Amino acid sequence: MPKATPTCTLAPIDNCYIDLPGYGKVIMDNLPDLGDSKSASYSDTTVIGRSFPIKTFSHSENRAISWAMHLFVQRASDINTNLAIIRKLESLVYPRNTGPGPYSPPLIVKLKCGDLLSVGSPLCAVLKSYSVKFPTDVPWADDKLTPYKIDIDLSFEVVYSSNDLPGAERIVNSGG
């Protein structure tokens with residue numbers, strides 16, 4: 001549970017983070033606004049003489065995780081830290097310049113916030129979109145023109161290896 005330290009700053013929540021390979025973990029110091037959604041797709045099969053079509057399971061859609069994080073300036077050094085976090089997260093929707101070809105796909109990250117998204121191990125996900133808000137109703141740092149509070153809305157899709165696809169039983173038992 002987030003709590004203030006004796007210095008009145010927010011304490012890190014060690015088991016709530018976004019792990020960026022090569023950049024380390026972005027550990028939350030306040031609870032993010034989380035959302036988790038997934039849907040199933042059914043096809044209609046019509047039958048002569050039946051009032052309604054028969055529903056046939058076709059496939060599941062992608063599992064989407066929305067993660068709204070809030071960055072605060074509590075110390076002067078947080079201004080540069082927050083800007084670095086923003087740039088690292090923004091880079092997750094761009095191809096990388098490494099690898100055997102002209103580019104490599106963006107990084108796969110690991111998401112963890114207690115047992116809300118999955119029990120035990122973090123979820124692997126790709127960032128589909130981000131939106132950064134720089135509110136004008138809070139103080140701004142004069143030198144960098146950076147607000148003391150920044151909101152970032154992130155939309156992830158969970159990815160699995162083909163031999164690790166979850167079924168209903170696994171979701172009930174571990175959430176992912």
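Quick caveat, the model's predicted, so the values are computed rather than measured. Counting from 1, the numbers follow the sequence of the chain as shown.
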Asker: Let me see the working for Leu127 and Val109 under side chain to side chain contact (heavy atoms under 4.5 Å, CB included), right down to the final yes or no.
Answerer: CA-CA 8 Å; Leu127 182 63; Val109 300; 6.0 Å; no
Asker: With the side chain counted from C-beta on, respond yes when Lys128 and Asn62 share a heavy-atom pair under 4.5 Å apart, and no when they do not.
Answerer: no
Asker: With sequence neighbours excluded, tell me which residues meet side-chain hydrogen bond (donor to acceptor under 3.5 Å, both in side chains) with Lys25.
Answerer: none
Asker: Can you confirm whether Thr146 sits close enough to Val73 that some side-chain heavy atom of one is under 4.5 Å from a side-chain heavy atom of the other?
Answerer: no
Asker: Return yes if some donor-acceptor pair links the side-chain N/O of Asn82 with the main-chain N/O of Ile150 below 3.5 Å, else return no.
Answerer: no
Asker: I'd like to check the side-chain hydrogen bond (donor to acceptor under 3.5 Å, both in side chains) partners of Glu61; sequence neighbours left out, ordered by chain and number.
Answerer: His59
Asker: Taking side-chain contact (heavy atoms from CB on, under 4.5 Å) as the test, write out the residues that go with Pro106, two or more places apart.
Answerer: none
Asker: Donor-acceptor pairs under 3.5 angstrom involving side-chain atoms of residues 89-96: please list them, not counting sequence neighbours.
Answerer:
from, atom 1, to, atom 2, distance (Å)
Ser91, OG, Lys88, O, 2.6
Arg96, NE, Pro105, O, 2.8
Arg96, NH2, Pro105, O, 3.0

Asker: Walk me through it: do Lys38 and Val158 pass the test side chain to side chain contact (heavy atoms under 4.5 Å, CB included)?
Answerer: CA-CA 10 Å; Lys38 184 172 177 70; Val158 178; over 6 Å; no
Asker: Can you sort out the partners of Leu34 under side-chain contact (heavy atoms from CB on, under 4.5 Å), two or more places apart, ordered by chain and number?
Answerer: Pro32, Trp67, Cys113, Leu116
Asker: Could you tell me whether the side chain of Val159 reaches within less than 4.5 Å of the side chain of Glu157, counting heavy atoms only?
Answerer: no
Asker: So, Gln74 side chain and Leu10 main chain: donor-acceptor pair closer than 3.5 Å or not?
Answerer: yes
Asker: When you measure from the side chain of Asp78 to the backbone N and O of Arg75, does any donor-acceptor pair fall under 3.5 Å?
Answerer: yes
Asker: With sequence neighbours excluded, tell me which residues meet salt bridge (charged side-chain N to carboxylate O under 4.0 Å, His left out) with Asp33.
Answerer: none
Asker: Nearest 0.5 Å please: distance from the CG atom of Leu123 over to the CG atom of Asp36.
Answerer: 7.5 Å
Asker: Distance check, rounded to the nearest 0.5 Å: Met28 atom CE versus Ile18 atom CD1?
Answerer: 4.5 Å
Asker: Would you list the atom pairs, donor with acceptor, under 3.5 Å between side chains in residues 49-58 and any protein atom, with sequence neighbours excluded?
Answerer:
from, atom 1, to, atom 2, distance (Å)
Arg50, NE, Phe52, O, 2.7
Lys55, NZ, Asp44, OD1, 2.7
Thr56, OG1, Thr45, OG1, 3.3

Asker: Taking side-chain contact (heavy atoms from CB on, under 4.5 Å) as the test, write out the residues that go with Pro122, two or more places apart.
Answerer: Tyr17, Lys110, Lys112
Asker: Of all heavy-atom pairs between Ile108 and Pro21, which one has the smallest distance, and what is that distance?
Answerer: O-CG, 3.2 Å
Asker: If you compare all heavy atoms of Val26 against all heavy atoms of Leu20, which two are closest, and at what distance to 0.1 Å?
Answerer: CG2-CD1, 3.8 Å
Asker: Please name all residues satisfying salt bridge (charged side-chain N to carboxylate O under 4.0 Å, His left out) with Lys133, sequence neighbours left out, ordered by chain then number.
Answerer: Asp153
Asker: Please say yes or no: joined through hydrophobic side-chain contacts below 4.5 Å, possibly via intermediate residues, are Val132 and Phe156 part of one cluster?
Answerer: yes
Asker: Got a sec, which residues hit salt bridge (charged side-chain N to carboxylate O under 4.0 Å, His left out) with Asp19, two or more places apart in sequence or on another chain?
Answerer: none
Asker: Mind listing the closest non-hydrogen atom pair of Ser121 and Ser118 along with its distance?
Answerer: O-OG, 2.5 Å
Asker: CZ of Phe72: more than 12 outside heavy atoms within 6.0 angstrom?
Answerer: yes
Asker: Quick one: pull up CG in Leu154 and OG in Ser129 and give me the separation to the nearest 0.5 Å.
Answerer: 8.0 Å
Asker: Name all pairs fulfilling the ring-ring contact (aromatic ring centres under 6.0 Å, His included) condition that reach into residues 115-140, sequence neighbours left out, sorted by first residue then second.
Answerer: none
Asker: Which residues pass the side-chain contact (heavy atoms from CB on, under 4.5 Å) test with Ala141, not counting sequence neighbours?
Answerer: Ile79, Asp143, Tyr148
Asker: Rounded to the nearest 0.5 Å, how far does CD1 of Ile13 lie from CD1 of Ile27?
Answerer: 10.0 Å
Asker: Find out if a path of hydrophobic residues (ILVMFWY) with successive side-chain heavy-atom gaps under 4.5 Å connects Leu145 to Ile85.
Answerer: yes
